[in-house]
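Below is one structure, written out as structure tokens, with a few remarks after it.
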Amino acid sequence: MSTAKREYKRVTVKSLVDMKKNGEKISMLTSYDYSMAKIVDAAKVDVILVGDSASNVMAGHETTLPITLDQMIYHASSVIRAVERALVVVDLPFGSYQSDPKEALRSAIRIMKESGAHAVKLEGGAEIKESVKRILAAGIPVMGHLGLTPQSIYKFGTYTVRAKEDEEADKLMEDAKMLEKLGCFGLVLEKIPAKLTKLVSESLTIPTIGIGGGKYADGQVLVVHDLLGMTHEFNPRFLRRYMNLYEEMGKAISNYVSDVKSQDFPNDDEQY
Ligand code: KIV
């Protein structure tokens, strides 16, 4: 059952701020290819994130660090071709924006121009302030990402909950306010205590989107392969699986194998 308060034919960055104002929660989900994005968009997910988690789920890397800008553009343009309603946000990958603001702007422009995406997402706070400013000044909508930022995994050392201590929580709050002031249209909060998500969400007019950030975020995001149970080794507490596709797909594929071996497939009706 949908509890949308208003119909949006096309979701824009402005729609998201309106949703927050109207108390309507925002749904966000990843997609990396045309076929999946078609399904996700038809199910009326508000925001599709072409996440650099493609590095893990699509390419099998251990971290998000190896994926390149060209690869992100390939995934994003496949998604864009499928989408009619959702706002499509694309991650700037590791190494495409950290060295200087000019490079950050060049990378964001490539994503917008070559894929047709609607916005970009960057990880970090004060450290990337100048890059965020520069991208926004070019008219490109920016979403922030604070808390557990997987591109910094080797600095953190583990994927555990962030900002449990006051010092880190205070910095996160400052960064969140700064990103809002610069003009970001939304903010992903990953793996932080629910109480902190509440404080941040109540302090901002732009929406917060949680992943492992608890129920007080203005919206939620998950990796679509996790939600569908296509991945089965990743079991964080925040993840709700709506299907067990790993098992379902495995069964279907082994049925196909045995039908081929037994010469049951193809039958007379399945040939020309
Ligand atoms: O890359 C990604 O999928 C993300 C989400 C975890 C928010 O950044």
Side-chain angles (χ1 to χ4, degrees), residues 12-14 16-17 20 28 47 49-53 63-65 67-69 72 76 87-113 117-156 162-193 196-197 199-211 213 217-219 221:
T12 65
V13 294
K14 195 179 161 297
L16 302 184
V17 178
K20 171 161 181 157
M28 174 160 149
V47 185
L49 173 66
V50 184
D52 57 359
S53 49
T63 71
T64 57
L65 275 65
I67 200 160
T68 65
L69 186 57
M72 289 303 295
L87 179 83
V88 178
V89 180
V90 180
D91 268 337
L92 280 188
F94 178 69
S96 72
Y97 63 97
Q98 287 89 348
S99 55
D100 74 85
K102 272 193 197 162
E103 193 198 13
L105 177 59
R106 268 197 300 273
S107 302
I109 287 178
R110 277 202 63 203
I111 287 185
M112 302 297 284
K113 232 178 160 57
H118 310 135
V120 296
K121 174 163 84 60
L122 283 74
E123 294 183 6
E127 323 73 46
I128 56 156
K129 181 177 177 186
E130 294 309 316
S131 296
V132 172
K133 259 168 108 172
R134 192 111 189 187
I135 297 170
L136 285 165
I140 300 173
V142 175
M143 177 173 247
H145 184 156
L146 298 173
L148 176 67
T149 46
Q151 292 179 11
S152 307
I153 188 57
Y154 291 118
K155 184 174 91 181
F156 297 144
R162 305 300 315 172
K164 282 192 340 229
E165 308 300 329
D166 287 352
E167 197 182 333
E168 196 179 337
D170 291 348
K171 175 171 177 347
L172 190 144
M173 178 63 96
E174 264 173 42
D175 283 341
K177 287 183 178 164
M178 179 209 76
L179 290 168
E180 171 169 80
K181 202 159 167 218
L182 289 180
C184 289
F185 70 88
L187 184 58
V188 166
L189 294 175
E190 181 163 354
K191 248 186 161 179
I192 62 168
L196 180 58
T197 300
L199 277 179
V200 174
S201 305
E202 286 172 356
S203 307
L204 303 182
T205 55
I206 58 169
T208 59
I209 311 286
I211 173 160
D218 301 305
V221 56

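All figures in this text were calculated on a predicted structure; none of them were measured in a lab.
- No donor-acceptor distance shorter than 3.5 angstrom exists from the side chain of E180 to the backbone of K177, with no hydrogens or angles considered.
- Side chain of K121 to main chain of L49: no donor-acceptor pair is present (N/O by atom type, distance under 3.5 Å, no hydrogens or angles).
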Go through the steps to decide whether I109 and I140 satisfy the test side-chain contact (heavy atoms from CB on, under 4.5 Å), and finish with yes or no.
CA-CA 8 Å; I109 287 178; I140 300 173; 4.0 Å; yes
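- Distance OG1/T63 to OH/Y154: 4.5 Å, rounded to 0.5 Å.
- Closest approach of A217 and S201 over heavy atoms only: CA-OG, 3.9 Å.
- To the nearest 0.5 angstrom, L146 atom CG is 11.0 Å from T197 atom OG1.
- Rounding to the nearest 0.5 Å places CZ of F156 at 11.5 Å from NZ of K191.
- Between M112 and P141, the closest heavy-atom pair is CE-CD, 4.3 Å.
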Decide side-chain contact (heavy atoms from CB on, under 4.5 Å) for M72 and D52; before the verdict, give the C-alpha distance in whole Å, the side-chain angles of both, and the deciding distance to 0.1 Å.
CA-CA 7 Å; M72 289 303 295; D52 57 359; 4.2 Å; yes
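- When all heavy atoms of P93 and T68 are compared, the closest pair comes out as CG-C, 3.9 Å.
- Residues V13 and L87 are in side-chain contact: their nearest non-hydrogen atoms beyond the backbone lie under 4.5 Å apart.
- Counting all heavy atoms, side chain and backbone alike, L65 lies closest to P150 at CD1-O, 3.9 Å.
- The two atoms that bring F185 and A119 nearest to each other are CE2-CB, 3.6 Å, heavy atoms only.
- Partner of L122 under the side chain to side chain contact (heavy atoms under 4.5 Å, CB included) criterion, out of D91, I135, L179: I135 alone.
- Listed for the E168 side chain is no donor-acceptor partner under 3.5 Å among the backbone atoms of R162.
- Side-chain atoms of T208 come within 3.5 Å of backbone N or O of D218 as a donor-acceptor pair.
- Under the 3.5 Å distance criterion, the side-chain polar atoms of S96 are left unmatched by any main-chain donor or acceptor of L69.
- Taken to the nearest 0.5 Å, the SG atom of C184 stands 10.5 Å off from the CG atom of L204.
- Applying the side-chain hydrogen bond (donor to acceptor under 3.5 Å, both in side chains) criterion to K14, with sequence neighbours excluded, gives D18.
- Using a 4.5 Å heavy-atom cutoff, the side chains of I153 and T64 are not in contact.
- Residue pairs meeting the side chain to side chain donor-acceptor pair (under 3.5 Å) criterion with at least one member in residues 123-142, sequence neighbours excluded, are E127-K171.
- Separating the CG atom in L187 from the CD1 atom in I206 is a distance of 5.5 Å, to the nearest 0.5 Å.
- The CD1 atom of I192 sits 10.5 Å away from the CG atom of L148 when rounded to the nearest 0.5 Å.
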V120/Y97 under side-chain contact (heavy atoms from CB on, under 4.5 Å): CA gap, chis, key distance, verdict:
CA-CA 11 Å; V120 296; Y97 63 97; over 6 Å; no
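- With sequence neighbours excluded, no residue forms a side-chain hydrogen bond (donor to acceptor under 3.5 Å, both in side chains) with R106.
- Residue V200 comes nearest to A176 through the heavy atom pair CG1-CB, 3.8 Å, listed as atom of the first residue, atom of the second, then distance.
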Could you walk me through whether V47 and I209 pass the side-chain contact (heavy atoms from CB on, under 4.5 Å) check?
CA-CA 10 Å; V47 185; I209 311 286; 5.8 Å; no
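- Put simply, the side chain of S152 does not reach to within 4.5 Å of the side chain of Q98, judged on heavy atoms.
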